[in-house]
K.L.:
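Can you keep this structure in mind? I'll have questions shortly.
Please read these numbers as outputs of a predicted model, since none were measured by experiment. So you know, we letter chains A, B, ... as the sequences are listed, proteins then strands, and number each from 1.
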2 protein chains.
Amino acid sequence: MNALMSKKHQTRALIMKALAHPSRIMMIEELGKGPRCVCELQRLVGSDISTVSKHLSVLKNAGLVYDIKQGTTVYYNLKVECALDFIVCVDKIINSYTTNTVHISFPEVPRAKCCAKLKQ
Amino acid sequence: MNALMSKKHQTRALIMKALAHPSRIMMIEELGKGPRCVCELQRLVGSDISTVSKHLSVLKNAGLVYDIKQGTTVYYNLKVECALDFIVCVDKIINSYTTNTVHISFPEVPRAKCCAKLKQ
DNA sequence: TACTTATTTGGCTATATTGCCAAATAAGTA
DNA sequence: TACTTATTTGGCAATATAGCCAAATAAGTA
């Protein structure tokens, strides 16, 4: 894997990581309904307001939300609609936990040994 | 937020977390092409084989992959096709980094103060 | 200016994740 | 049985993440 590939996968992981927390998923879902201030999101998730603020900066850093200041209030907005698609994807997977049928699929031909260390 | 809601969001986060690592994203993408043994995935990501094995157990634990043993070789398989949708979602977001136009949207009416602590 | 409201930042501790090595396990082969 | 191959597990150190409190910042109001 070259450095360019690595960069790409790191960017992907940054976005996934941003969504990899219960509070942040909740907030993204809520922001799908419209802009919300930090206070409103704080009531939603129930953590300390400083914690919520830090979660929001993670989402912002990943490019998922943006903020607009009005007086002393900061409104957070969903930047990319498709962030909501993630939640649909996840819930599909959760549903598949019970309904999914496993397809057994072997490689067509036996492969040569691929893991052995070279002899010295 | 009640305990049931919390449970749901934790399950969602478990799946997101499983995908929140460059190597694991790479492996999911590769498994989209067909079953692969641990060795093949190890060559793909370039980490120690024990590290790769642990990454795979994270994916398995989240219900994203399953494994089938053939002799000494373990073939990993994508369990849910829609795990690939995530990667499409992420790449859409990455593309939006440059092309996305911000829609400024304020709440229609000014809201009452919502954050102040009660006076004692 | 002093106070209030809303939010962010710094700092700290607790916890989780990552990645390597070494050892263990599992299954096939000489 | 001893050896080889493929993979998993245990253990450990390094790093990252989370969440709280206290303090700082920003903007409005009396």
Side-chain angles (χ1 to χ4, degrees), chain A residues 1 6 9-10 13-14 16-27 35-43 45-62 65-77 107 110-120, chain B residues 1 6 9-10 13-14 16-27 35-43 45-62 65-77 107 110-120:
Chain A
M1 188 189 47
S6 166
H9 289 281
Q10 268 165 31
L14 180 83
M16 294 287 195
K17 267 189 212 175
L19 289 159
H21 191 284
S23 302
R24 293 198 293 261
I25 295 173
M26 258 193 278
M27 291 194 281
R36 296 287 185 272
C37 70
V38 183
C39 267
E40 290 171 311
L41 297 170
Q42 193 251 312
R43 275 200 299 276
V45 304
S47 313
D48 190 273
I49 192 125
S50 68
T51 302
V52 173
S53 177
K54 279 175 186 173
H55 279 313
L56 285 165
S57 79
V58 171
L59 293 173
K60 191 175 163 183
N61 188 245
V65 302
Y66 65 94
D67 61 313
I68 289 169
K69 196 161 190 175
Q70 259 196 312
T72 57
T73 306
V74 178
Y75 289 98
Y76 278 86
N77 300 260
R111 305 180 199 193
K113 56 191 169 183
C114 64
C115 197
K117 283 157 208 141
L118 293 169
K119 273 189 180 169
Q120 286 154 4
Chain B
M1 187 187 49
S6 165
H9 289 280
Q10 268 165 31
L14 180 83
M16 295 287 195
K17 268 190 213 174
L19 289 159
H21 191 285
S23 302
R24 294 198 292 261
I25 295 173
M26 258 193 277
M27 290 194 283
R36 296 287 186 272
C37 70
V38 183
C39 266
E40 289 170 310
L41 297 170
Q42 192 251 312
R43 276 200 299 277
V45 304
S47 314
D48 190 273
I49 192 125
S50 68
T51 301
V52 173
S53 177
K54 279 175 185 173
H55 279 311
L56 286 165
S57 79
V58 171
L59 292 173
K60 191 176 163 183
N61 187 246
V65 304
Y66 64 94
D67 60 314
I68 290 169
K69 196 162 192 177
Q70 259 195 311
T72 58
T73 305
V74 177
Y75 289 99
Y76 277 86
N77 301 259
R111 304 181 201 193
K113 55 191 171 183
C114 64
C115 196
K117 283 156 208 144
L118 292 170
K119 272 189 179 169
Q120 287 155 2

K.L.:
Hey, which of these two, A:I49 or B:S23, hits DNA chain C nearer its 5' end, going by closest nucleotide?
P.N.:
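Its nearest nucleotide lies further toward 5', so the answer is A:I49.
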K.L.:
Roughly how many Å is it from CG in A:D67 to P in C:dA6, rounded to a whole number?
P.N.:
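About 17 Å, once rounded to whole Å.
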K.L.:
State, with a plain yes or no, whether a side-chain heavy atom of B:L56 is found less than 4.5 Å away from one of B:D67.
P.N.:
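Counting from C-beta outward, B:L56 and B:D67 never come under 4.5 Å.
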K.L.:
Write down the distance between NZ (A:K60) and C1' (C:dT7), rounded to a whole number of angstrom.
P.N.:
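Rounded to the whole Å, the gap is 11 Å.
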K.L.:
From CG of A:L19 over to P of D:dA18, roughly how many Å is that when rounded to an integer?
P.N.:
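About 12 Å, once rounded to whole Å.
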K.L.:
Heavy-atom nearest nucleotide on DNA chain D for B:C39 versus A:H21: which residue maps closer to 5'?
P.N.:
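Looking at the nearest nucleotide for each, B:C39 comes out on the 5' side.
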K.L.:
Measure the distance from CE on B:M16 to C1' on C:dT17 and round it to the nearest whole Å.
P.N.:
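After rounding, the gap between these two atoms is 19 Å.
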K.L.:
Report, one pair per line, the protein and nucleotides 25-27 of chain C atoms (nitrogen or oxygen only) whose separation is under 3.5 Å.
P.N.:
residue	atom	partner	partner atom	Å
C:dA26	O3'	B:K69	NZ	3.4

K.L.:
At what distance, to the nearest 0.5 angstrom, does NE2 of A:H21 lie from NE2 of A:H55?
P.N.:
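Going from NE2 on A:H21 over to NE2 on A:H55, the span is 4.0 Å.
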K.L.:
C:dT5 C1' sits how many Å from A:Q70 CD, rounded?
P.N.:
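About 15 Å, once rounded to whole Å.
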K.L.:
Quick one: pull up CD1 in B:I25 and NE2 in A:H9 and give me the separation to the nearest 0.5 Å.
P.N.:
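Going from the CD1 atom of B:I25 to the NE2 atom of A:H9 covers 7.5 Å.
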K.L.:
Would you mind reading off the distance between A:L41 atom CG and D:dG19 atom C1', rounded to a whole angstrom?
P.N.:
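Spelled out: CG on A:L41 to C1' on D:dG19 is 17 Å.
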K.L.:
Distance check: side-chain N/O of A:Y76 vs OP1/OP2 of C:dT8, anything under 4.0 Å?
P.N.:
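Answer yes for this pair, as a side-chain N or O of A:Y76 is under 4.0 Å from OP1 or OP2.
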K.L.:
Kindly express the pairing pattern of DNA chain D in dot-bracket notation, using | wherever a base pairs with another strand and counting only Watson-Crick or G-U pairs under 3.5 Å.
P.N.:
||||||||||||||||||||||||||||||
K.L.:
Let me confirm one number: the OG-CG distance from A:S53 to A:L41, rounded to the nearest 0.5 Å.
P.N.:
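Spacing of OG (A:S53) from CG (A:L41) equals 10.5 Å.
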K.L.:
Are any protein N/O atoms closer than 3.5 Å to N/O atoms in nucleotides 9-11 of chain D? If there are, list each pair with its distance.
P.N.:
residue	atom	partner	partner atom	Å
D:dG10	O6	B:K54	NZ	3.0
D:dG11	O6	B:K54	NZ	2.6

K.L.:
Tell me if a side-chain donor or acceptor on B:Q42 pairs with a main-chain N or O of B:S47 at a distance below 3.5 Å.
P.N.:
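Yes; judged by distance alone, with no hydrogens or angles, the pair exists.
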K.L.:
Return the set of residues passing side chain to side chain contact (heavy atoms under 4.5 Å, CB included) with B:T73 (not counting sequence neighbours), or none when no residue passes.
P.N.:
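With sequence neighbours excluded, B:T73 shows a side chain to side chain contact (heavy atoms under 4.5 Å, CB included) to B:C37, B:Y75, given in chain and number order.
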K.L.:
A:K17 NZ to C:dT17 C1': how many Å, rounded?
P.N.:
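In whole Å, C:dT17 C1' lies 9 Å from A:K17 NZ.
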K.L.:
Excluding sequence neighbours, so at least two apart, what forms side chain to side chain contact (heavy atoms under 4.5 Å, CB included) with A:N61?
P.N.:
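Partners of A:N61 under the side chain to side chain contact (heavy atoms under 4.5 Å, CB included) test: A:L14.
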K.L.:
In whole Å, I'd like the distance from the CD1 atom of A:I68 to the P atom of C:dA6.
P.N.:
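The answer, rounded to whole Å, is 19 Å.
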K.L.:
From A:K17 NZ over to A:R24 CZ, what is the distance, rounded to the nearest 0.5 angstrom?
P.N.:
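Here the rounded value is 10.5 Å.
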K.L.:
Please give me the minimum heavy-atom distance between A:N77 and A:P35, naming the atom from each residue.
P.N.:
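Result for this residue pair: OD1-CB, 3.3 Å.
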K.L.:
Can B:V52 and B:S23 be said to form a side chain to side chain contact (heavy atoms under 4.5 Å, CB included), step by step?
P.N.:
CA-CA 8 Å; B:V52 173; B:S23 302; over 6 Å; no
K.L.:
Tell me every residue that passes side chain to side chain contact (heavy atoms under 4.5 Å, CB included) with A:S57, counting only those two or more places apart in sequence or in another chain.
P.N.:
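In terms of side chain to side chain contact (heavy atoms under 4.5 Å, CB included), with neighbours along the sequence ignored, A:S57 is linked to no residue.
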K.L.:
Should B:H55 be listed as having a side-chain N or O under 4.0 Å from OP1 or OP2 of C:dT17?
P.N.:
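Negative; the distance criterion is not met.
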